[in-house]
Amino acid sequence: MSPWDRLLDRLDELACAPHELPDDLESEISALLLAAMRDGMADRELDPADSARWLATLLRTLTVLQPQEARADDTLSTLRVIVTRWLHPARLDQEAQPLPAHARPSTIRG
């Protein structure tokens with residue numbers, strides 16, 4: 001399984017249980033995102049720690065904003081569209097670029 005697939009699968013799991021989010025949510029997402037960046041499947045221009053913070057906030061917000069009548073499949077579909085369009089380099093027709101210095105593991109906050 002590719003790092004991108006691991007990231008999406010984990011986000012799916014987390015979205016299905018937004019009341020049970022782990023304490024180290026941002027660190028976990030940041031590590032998954034960094035692996036996807038290294039693999040060229042996530043936009044390397046993004047800061048992994050900042051992106052993880054936004055994704056964690058989005059997941060936490062699901063507990064407040066998701067209507068009771070909303071179907072889990074609809075929620076996951078929407079989340080995947082948001083994540084794919086935001087994180088995937090294809091959204092800008094980008095070629096894989098070297099990981100910028102600010103996104104290298106030694107500078108990742110977590």
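Fair warning: this is a prediction, and the values are worked out from it, not measured in the lab.
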Any non-hydrogen side-chain atom of W86 less than 4.5 Å from a side-chain atom of L58?
no
If you apply the rule side chain to side chain contact (heavy atoms under 4.5 Å, CB included), what do you find for I29 with R10, and how did you get there?
CA-CA 8 Å; I29 294 172; R10 185 60 177 143; over 6 Å; no
Is the shortest side-chain heavy-atom distance between L33 and L46 below 4.5 Å?
no
Compare every heavy atom of L79 with every heavy atom of A15, then report the nearest pair and how far apart it is.
CB-CD2, 3.6 Å
The test is side chain to side chain contact (heavy atoms under 4.5 Å, CB included); show your working for L7 and M41 and say whether it passes.
CA-CA 10 Å; L7 173 65; M41 296 304 294; over 6 Å; no
When every non-hydrogen atom of R60 is compared with those of L21, the smallest separation belongs to CG-CD1, 3.6 Å
Donor-acceptor contact present, side-chain R6 to main-chain L32, <3.5 Å
no
Is a donor on one side and an acceptor on the other found under 3.5 Å between the side chain of D47 and the backbone of D50?
yes
Side chains of M37 and L87: closer than 4.5 Å at any heavy-atom pair?
no
Indicate the atoms forming the closest heavy-atom contact of A52 with S30, along with that distance.
CB-N, 3.5 Å
State, yes or no, whether a side-chain contact exists between L14 and L55 at a heavy-atom distance under 4.5 Å.
no
Could you check whether any side-chain N or O of R53 sits under 3.5 Å from a backbone N or O of E26, counting only pairs where one atom can act as donor and the other as acceptor?
no
When rounded to the nearest 0.5 Å, the distance separating CG of L8 from CZ of R80 is 4.5 Å
